[in-house]
Amino acid sequence: MGQHRTPDTGGGPGTAGRGALDGVRIADFSRVLAGPYATMLLADLGADVVKIERPGTGDDTRAWRPPADRDGTSTYFLSVNRNKRSVTLDLASAAGRDRARALVAGCDVVVENFRPGTMERLGLGHAGLSARQPGLVYCSISGFGSGAGAALPGYDLLVQAVGGLMSVTGEPDGEPVRTGVAVVDVVTGLHAALGILAALRHRDATGQGQRIEVSLLGSLLSAMVNQASGYAVAGVVPGRRGNAHPSIAPYETFLAADRPLAVAVGTDRQFAALAGVVGEPGLAADARFRTNADRVAHRAELRSLLAARLAAADADHWTDVLLAAGVPAGPVNTLDEAFAYAERLGLPGIVEIPPDPPGGAPARQIACPIALGATPARYRLPPPHLGQHTAEVLPGPPASGVPASAVPAPGPPAPDAPVPGPPVPDPTPVTHPQEPR
């Protein structure tokens with residue numbers, strides 16, 4: 001079932017187990033996927049992430065099951081929340097908001113994905129907090145930005161649809177298809193983490209923090225790379241091609257005798273090798289297939305010829321002989337096969353984190369894919385129970401708030417402080433709670 005490793009708490013020479021982001025503290029108000037994925041990556045690299053959750057229910061994904069672990073915890077929640085401490089705060093109450101501001105006062109970074117304007121109404125917006133903490137890095141994640149799209153719901157499926165991804169995914173004669181995971185949220189989380197790291201670098205050099213805004217739609221348009229560039233530069237509006245590539249051939253899947261096989265030919269030399277392996281060496285000299293442009297122009301004829309040959313043997317056979325000839329190829333694996341494959345290649349797969357508190361079963365987690373030589377990722381804490389660390393992080397009775405010594409010194413009212421009046425609405429709605437998978 002993939003590679004099993006115990007937590008790597010060491011580092012390179014002289015690091016004494018330190019992470020690259022040791023000393024960085026993050027107040028994480030985000031939920032669901034994009035924000036939690038970003039903060040988990042930063043936590044893997046050493047940041048102290050405090051996850052602020054709603055009392056009683058917590059992160060939406062805690063309820064997204066099945067599947068679940070042996071304790072009934074949603075595996076969705078478990079996938080993006082290791083190395084974090086959980087505190088519960090009722091942000092609909094004045095005491096909860098006071099405690100949240102006191103917590104932020106000791107942090108370097110704030111991450112949030114409420115609807116644009118919600119944090120301002122809670123008195124936790126960037127303008128007010130940065131007035132007290134000029135070095136604060138503040139990352140806001142939204143579905144469609146803070147302008148005209150601020151009120152739009154940012155579900156991953158919706159963004160895949162309106163952002164054009166589904167229009168290029170699926171068979172040419174079939175319906176548009178979403179990807180099998182919430183890839184827009186994942187890419188947005190990566191962009192958020194990158195922006196936070198850049199802002200911390202700037203803060204370290206100048207002492208000044210800044211606000212980072214990342215949207216699901218903006219992240220998707222960037223992630224469309226060659227397809228988006230084809231439209232922006234050449235005016236090409238792409239359509240669905242199944243598993244075929246718009247600019248390279250053959251670069252798609254073929255049905256071998258037992259299951260689908262991916263063949264990714266990117267050069268003329270690789271095509272000549274492919275032609276030889278399948279017993280059709282003359283294809284490389286055929287005027288229809290001599291160059292990549294020729295092959296793209298005659299894609300249908302080429303596919304027909306190759307499909308007939310590749311159907312004669314199973315995928316593992318073709319994988320072995322094609323790789324030996326320098327042709328990129330491999331079977332379409334199931335997820336269990338993918339983890340086994342990574343293990344055979346010596347790549348990180350599954351890690352086990354000791355339970356906290358001790359006594360339970362280890363937490364099985366997907367390894368961080370970032371390999372740093374001197375300050376490797378560390379697996380310090382399993383995903384937390386709801387509110388597990390509230391007393392540790394926020395000492396003092398919840399009703400009465402924190403000790404006065406822990407509250408920032410009073411100053412002029414923050415520009416976005418809540419105005420006295422009706423109670424602040426419950427900030428439950430989130431920006432992008434994409435569909436469970």
Side-chain angles (χ1 to χ4, degrees), residues 26-39 51-54 59-61 89 91-92 96-97 100-101 104 109-131 136-166 178 182-196 198-199 209-224 228 413-419 421-435:
I26 300 173
D28 182 9
F29 292 87
S30 70
R31 288 143 305 155
V32 187
L33 184 51
Y37 185 64
T39 55
K51 183 176 181 69
I52 297 94
E53 302 191 70
R54 185 185 184 192
D59 191 305
D60 304 64
T61 61
L89 285 175
L91 298 181
R97 296 192 294 275
R101 281 188 287 272
V104 170
V109 180
V110 166
V111 178
E112 61 92 10
N113 66 344
F114 287 106
R115 289 187 186 276
T118 299
M119 288 291 273
E120 284 72 20
R121 291 195 298 273
L122 295 172
L124 294 166
H126 171 257
L129 296 180
S130 63
L136 184 67
V137 171
Y138 192 107
C139 180
S140 295
I141 300 172
S142 68
F144 298 93
S146 57
L152 297 175
Y155 288 78
D156 184 275
L157 170 62
L158 176 61
V159 179
Q160 288 195 36
V162 301
L165 180 58
M166 289 176 62
R178 66 169 173 83
V183 65
V184 178
D185 277 285
V186 173
V187 170
T188 304
L190 291 170
H191 289 166
L194 178 61
I196 290 167
Q210 60 185 295
R211 185 175 189 180
I212 304 155
E213 293 189 73
V214 183
S215 73
L216 301 186
L217 180 58
S219 291
L220 173 57
L221 294 178
S222 174
M224 294 282 282
D416 55 12
V419 178
V424 176
D426 187 339
T428 297
V430 296
T431 297
H432 61 289
Q434 82 300 320
E435 70 281 0

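Side chains are part of it too, since the values below use all heavy atoms of this structure and drop only hydrogens, waters and symmetry mates.
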Asks: List the steps and the verdict of side chain to side chain contact (heavy atoms under 4.5 Å, CB included) for Asp185 and Val32.
Replies: CA-CA 9 Å; Asp185 277 285; Val32 187; 5.7 Å; no

Asks: Nearest 0.5 angstrom please: Leu216 CG to Leu152 CG, how far?
Replies: 11.5 Å

Asks: Measuring from Glu53:CD to Arg31:CZ, what's the distance to the nearest 0.5 Å?
Replies: 9.5 Å

Asks: So how far is it from Ser215 OG to Leu220 CG, rounded to the nearest 0.5 Å?
Replies: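 With rounding to 0.5 Å, OG (Ser215) is 9.5 Å from CG (Leu220).
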
Asks: Would Arg178 and Asp156 count as a side chain to side chain contact (heavy atoms under 4.5 Å, CB included) here? Give the steps.
Replies: CA-CA 9 Å; Arg178 66 169 173 83; Asp156 184 275; over 6 Å; no

Asks: Would you name the heavy atoms of Ala199 and Ile212 that are closest together and state the gap between them?
Replies: CB-CD1, 3.8 Å

Asks: Taking side chain to side chain contact (heavy atoms under 4.5 Å, CB included) as the definition, give me every residue that meets it alongside Leu89, ordered by chain and number, with sequence neighbours left out.
Replies: Ile52, Leu91, Arg99, Ala100, Leu394

Asks: Hey, does the side chain of Arg115 reach the backbone of Ala151 with a donor-acceptor pair shorter than 3.5 angstrom?
Replies: yes

Asks: Is a side-chain donor or acceptor of Arg211 paired with a backbone partner of Val137 at a separation under 3.5 angstrom?
Replies: no

Asks: I need the minimum non-hydrogen distance between Ile141 and Ala192, along with the two atoms involved.
Replies: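 Taking Ile141 first and Ala192 second, the nearest heavy atoms are CD1-CB, 4.0 Å.
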
Asks: Rounded to the nearest 0.5 Å, what separation is found between the CZ atom of Phe29 and the OG1 atom of Thr118?
Replies: 12.5 Å

Asks: List the atom of Pro116, the atom of Gly145, and the distance in Å for their closest heavy-atom pair.
Replies: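 Answer, listing the atom of Pro116 first, then Gly145: CG-O, 3.6 Å.
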
Asks: Does some side-chain heavy atom of Lys51 sit less than 4.5 Å from a side-chain heavy atom of Pro36?
Replies: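 Counting from C-beta outward, Pro36 and Lys51 do come under 4.5 Å.
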
Asks: State which residues pass side chain to side chain contact (heavy atoms under 4.5 Å, CB included) with Ala193; sequence neighbours excluded, sorted by chain then number.
Replies: Ala38, Leu42

Asks: If you define the side chain from C-beta out and look only at heavy atoms, does anything of Tyr37 sit under 4.5 Å from Thr188?
Replies: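 Contact flag for Tyr37/Thr188 side chains = no.
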
Asks: Where is the tightest heavy-atom contact between Gly163 and Leu217, given as atom of each residue plus distance?
Replies: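 Distance-wise, the nearest heavy atoms are CA-CD1, 3.7 Å.
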
Asks: Going through the checks in order, is the side chain to side chain contact (heavy atoms under 4.5 Å, CB included) test met by Leu165 and Met224?
Replies: CA-CA 7 Å; Leu165 180 58; Met224 294 282 282; 3.8 Å; yes

Asks: Output the distance between atom CG (Leu129) and atom CE (Met119), rounded to the nearest 0.5 Å.
Replies: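 So the CG of Leu129 and the CE of Met119 are separated by 7.0 Å.
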
Asks: If you take all heavy atoms of His126 and Gln210, which pair is closest and at what distance?
Replies: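 His126 and Gln210 have their closest heavy atoms at NE2-C, 3.9 Å.
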
Asks: Quick one, Thr61 with Leu33, criterion side chain to side chain contact (heavy atoms under 4.5 Å, CB included). Give me CA distance, side-chain angles, the key distance, then yes/no.
Replies: CA-CA 8 Å; Thr61 61; Leu33 184 51; over 6 Å; no

Asks: Are any non-hydrogen side-chain atoms of Leu194 and Leu190 less than 4.5 angstrom apart?
Replies: no

Asks: Please report the C-alpha distance between Ser140 and Glu213 in whole Å, then the side-chain angles of each, then the deciding distance to 0.1 Å, and finally whether the side chain to side chain donor-acceptor pair (under 3.5 Å) criterion is met.
Replies: CA-CA 5 Å; Ser140 295; Glu213 293 189 73; 5.9 Å; no

Asks: Roughly how far, to the nearest 0.5 Å, is the CD1 atom of Ile26 from the OG1 atom of Thr39?
Replies: 6.5 Å

Asks: What are the two closest heavy atoms between Arg101 and Gly123, and how far apart are they?
Replies: NH1-O, 3.3 Å

